[in-house]
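For reference, the structure discussed in these notes is given below.
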Amino acid sequence: MKIEKSIDGLSINAKSTKLKDNTFLLEGVLKGSVEVECVKCLKTFKKEINENIKFKIAPPPYKGFDEEYDVIEMEKFDVEELLKSEIESIKNDYNICNEC
């Protein structure tokens, strides 16, 4: 199934595949910009994002390991929640503006 969703300037364009064990594989691109804060000067700036993603969405508790996919535990596969989580992860990253 094709998935396209945008929230707060960040969009996901991906293909999802449901597996027999009630997990989903999600492969595609995360693209857009997210307003973040520089860890040095504390000024906000737009961080451009253009990343290929490979997620395995699994109901908790996930008792495995996957070398090819980043595993995300979710009770219910929710693209909007996944995208919000990615935005928060980007905001919490070690972001440095071009002036620093």
- Item | Any Lys47 side-chain heavy atom under 4.5 Å of Asn95 side chain | yes

- Item | Note: Glu80-Lys84 ion pair, threshold 4.0 Å (strictly below) | yes

- Kindly write out the residues that satisfy side-chain contact (heavy atoms from CB on, under 4.5 Å) with Glu48, not counting sequence neighbours, or none if the list is empty. Ser33

- Side chain to side chain, Lys46 and Glu35, heavy atoms closer than 4.5 Å: yes

- The reported gap from CD in Glu4 to NZ in Lys15 (rounded to nearest 0.5 angstrom) is 14.5 Å

- Remaining members of hydrophobic cluster (4.5 Å side-chain criterion), Val39: Tyr94, Ile96

- Message: Going by the rule salt bridge (charged side-chain N to carboxylate O under 4.0 Å, His left out), which residues pair with Lys63 if we only count those two or more places apart in sequence or in a different chain?
- Response: none

- Members sharing Ile57's hydrophobic cluster (side chains within less than 4.5 Å): Ile3, Ile7, Leu10, Ile12, Phe24, Leu26, Leu30, Val34, Val36, Phe45, Ile49, Ile53, Phe55, Ile72, Met74, Phe77, Val79, Leu82, Leu83, Ile87, Ile90

- Message: Salt bridge or not between Glu99 and Lys43? Use side-chain N to carboxylate O under 4.0 Å.
- Response: yes

- Please go through Tyr69's hydrophobic cluster and name the other residues, only I, L, V, M, F, W, Y counting, with side-chain heavy atoms under 4.5 Å joining them. Leu19, Leu25

- Note on the structure: In this structure, NZ of Lys76 is separated from CG of Asn22 (nearest 0.5 Å) by 12.5 Å

- Note on the structure: Residues Cys38 and Cys97: closest non-hydrogen pair is SG-N, 3.4 Å

- Query: To the nearest 0.5 Å, what is the distance between CG (Asp93) and CD (Glu88)?
  - Reply: 12.5 Å

- What's in the same ILVMFWY side-chain cluster as Val29, cut-off under 4.5 Å, chained through other members? none

- Working for side-chain hydrogen bond (donor to acceptor under 3.5 Å, both in side chains), residues Lys31 and Asn13: CA-CA 8 Å; Lys31 194 172 187 176; Asn13 188 346; over 6 Å; no

- Message: Tell me whether the count of non-hydrogen atoms from other residues, nucleotides or ligands lying under 6.0 Å of CG in Asp8 goes above 12.
- Response: no

